[in-house]
2 protein chains.
Amino acid sequence: MPSARKYSRKREAIYNAICSSHSHPAAGTIYAQLKPEFPDLSLGTVYRNLSLFVNEGTIRCVCVVDGNERFDGDTSDHPHFVCNCCGCVSDLADDRLLMDTAAVESRNGITVSRTDLVFYGVCADCTNRT
Amino acid sequence: MPSARKYSRKREAIYNAICSSHSHPAAGTIYAQLKPEFPDLSLGTVYRNLSLFVNEGTIRCVCVVDGNERFDGDTSDHPHFVCNCCGCVSDLADDRLLMDTAAVESRNGITVSRTDLVFYGVCADCTNRT
DNA sequence: AATAATAATAGGAATTATTCTTAAAAAGGA
DNA sequence: TCCTTTTTAAGAATAATTCCTATTATTATT
């Protein structure tokens, strides 16, 4: 936790859960994961801390079409892939997909604070499994 | 309506509402827009027809972070821009942002059926208004 | 035009994700 | 330890969306 606040163990656990995961968990998933260790954890606390982290820029959120927000401890600009088959959300380590944001801004007369590139399709595992 | 079904006037109106709009309306927006003309229109009907169109590939949906799905009558692969200030969702006509999907597939061992590129920031209007 | 079969609809209940409120508990500092 | 501030649980409230069922509209068939 790189922030000025050090505070509660629950907040720390929520942060660690996101950063140690590569599955881009949703709020409910994090809640379910931490509940055994913190039986009095509430879903509200998870949501509150997640939006706190997002506002700080400590984590980022990824919007995928299945209707809920996913969270990512890797705040660098990188594309995501969503498998329509198993529903997994994964990072795409493909440098050729990184945008020249400054050029986009000047070409389109906008200011860009964030880029979301998401591919939908079928992942390698699901393709092989068929 | 390019589909095999021709059916109801409501369905047609929903389709036209999306295609004649450039604002990427949400389901509720379409409902509010058509309600005066069809006083007995129900929100369920709007949702049902929208997902029907999306499944057919007649329209597409765009996922933006304010928590609801937006719809777009332009099914071509093109990026979107969301203004954090006024909340508008607009198309970016910027050819240099189109992906070579086939290359992404082969480099990453995936099958891609759809690409979503969304920029978040401040639009030209909001920048000037300040 | 009448009829039958199919598809679409309204209305509302149910679900799911998320936010908000409030009083109580925990954290850190003096 | 005591005080102030922050965090929390619990659950109510909201919002977006889906699901269910009986009714109605549409098309195909006569």
Side-chain angles (χ1 to χ4, degrees), chain A residues 1-18 23-56 58-72 82 87 89, chain B residues 1-18 23-56 58-72 82 87 89:
Chain A
M1 283 232 288
S3 85
R5 323 172 198 239
K6 316 197 197 73
Y7 302 147
S8 89
R9 292 187 47 236
K10 281 171 189 164
R11 176 167 298 169
E12 207 171 332
I14 292 167
Y15 179 75
N16 290 334
I18 296 162
S23 65
H24 307 78
T29 310
I30 293 168
Y31 172 72
Q33 180 187 330
L34 296 178
K35 189 74 176 171
E37 187 183 351
F38 300 92
D40 63 350
L41 180 67
S42 84
L43 195 48
T45 295
V46 174
Y47 274 105
R48 186 167 24 74
N49 282 292
L50 288 174
S51 50
L52 194 129
F53 290 142
V54 169
N55 289 336
E56 279 182 354
T58 312
I59 67 174
R60 62 172 295 180
C61 58
V62 189
C63 185
V64 297
V65 280
D66 74 342
N68 54 14
E69 208 90 56
R70 302 296 208 95
F71 296 89
D72 190 345
V82 179
V89 180
Chain B
M1 280 226 295
S3 86
R5 320 170 199 240
K6 314 196 198 74
Y7 300 149
S8 89
R9 293 187 46 235
K10 282 170 188 165
R11 177 168 297 170
E12 207 171 332
I14 292 167
Y15 179 74
N16 290 334
I18 297 162
S23 65
H24 306 79
T29 309
I30 293 168
Y31 172 72
Q33 181 186 328
L34 296 178
K35 189 73 176 172
E37 189 183 349
F38 300 91
D40 62 349
L41 180 68
S42 83
L43 196 48
T45 295
V46 175
Y47 274 105
R48 187 167 24 76
N49 281 292
L50 287 173
S51 51
L52 194 129
F53 291 141
V54 169
N55 290 336
E56 278 181 356
T58 313
I59 67 172
R60 62 173 294 179
C61 60
V62 188
C63 185
V64 297
V65 280
D66 73 344
N68 55 12
E69 209 91 54
R70 301 298 207 95
F71 297 89
D72 191 347
V82 179
V89 180

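Just so it is clear: chains get the letters A, B, ... in the order the sequence lines come, proteins before strands, and each one is counted from 1. In this text, all values refer to a predicted model and were calculated from it rather than measured experimentally.
- Following rounding to the nearest Å, A/Leu41 (CG) and C/dA25 (P) show an atom-to-atom distance of 17 Å.
- For the salt bridge (charged side-chain N to carboxylate O under 4.0 Å, His left out) condition, no pair includes a residue of residues 41-53 of chain B, sequence neighbours left out.
- Distances shorter than 4.0 Å separate none of the side-chain N or O atoms of A/Lys10 from OP1 or OP2 on C/dA26.
- Looking at heavy atoms from C-beta onward, A/Leu52 lies out of side-chain contact with A/Thr58 at the 4.5 angstrom threshold.
- Rounded to whole Å, atom P of D/dA9 lies 11 Å from atom CG of A/Leu34.
- Within the structure, every side-chain polar atom (N or O) of B/Arg11 is placed at least 4.0 Å from both OP1 and OP2 of D/dA25.
- Every residue meeting the side-chain contact (heavy atoms from CB on, under 4.5 Å) condition with B/Tyr31, not counting sequence neighbours, appears here in chain and number order: B/Lys35, B/Leu41, B/Leu43, B/Val46.
- Within the 4.0 Å cut-off from OP1 or OP2 of D/dT8, at least one side-chain nitrogen or oxygen of A/Ser8 is found.
- Straight-line distance from the CG atom of B/Leu52 to the P atom of C/dA8: 7 Å, rounded to whole Å.
- With sequence neighbours left out, A/Ser23 forms a side-chain hydrogen bond (donor to acceptor under 3.5 Å, both in side chains) with A/Ser21.
- Of the nucleotides present, C/dA1 is the one that pairs with D/dT30 by Watson-Crick or G-U wobble criteria, both distances under 3.5 Å.
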Protein-nucleotides 15-22 of chain C N/O pairs under 3.5 Å:
from   : atom 1 : to      : atom 2 : distance (Å)
C/dT18 : OP1    : A/Glu69 : N      : 3.1
C/dT18 : OP2    : A/Tyr47 : OH     : 2.4
C/dT18 : O5'    : A/Tyr47 : OH     : 3.2

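- Taking atom CD of residue A/Glu12 and atom C1' of nucleotide D/dT6, one finds them 16 Å apart after rounding to whole Å.
- With sequence neighbours left out, B/Ser42 forms a side-chain contact (heavy atoms from CB on, under 4.5 Å) with B/Thr45.
- Between A/Arg9 and D/dT7 there is no side-chain polar atom (N or O) within less than 4.0 angstrom of OP1 or OP2.
- What separates CG of A/Asp40 from C1' of C/dA26 is a distance of 11 Å, to the nearest Å.
- Side-chain contact between A/Ile30 and A/Leu50: present, with at least one pair of heavy atoms (C-beta onward) separated by less than 4.5 Å.
- Every pair passing salt bridge (charged side-chain N to carboxylate O under 4.0 Å, His left out) that includes a residue from residues 36-47 of chain A is listed here, sequence neighbours excluded: A/Lys10-A/Asp40.
- We find that CG of B/Leu50 is positioned 14 Å from P of C/dA8, with the value rounded to whole Å.
- Rounded to an integer number of Å, the gap from CG of B/Asn55 to P of C/dA8 is 13 Å.
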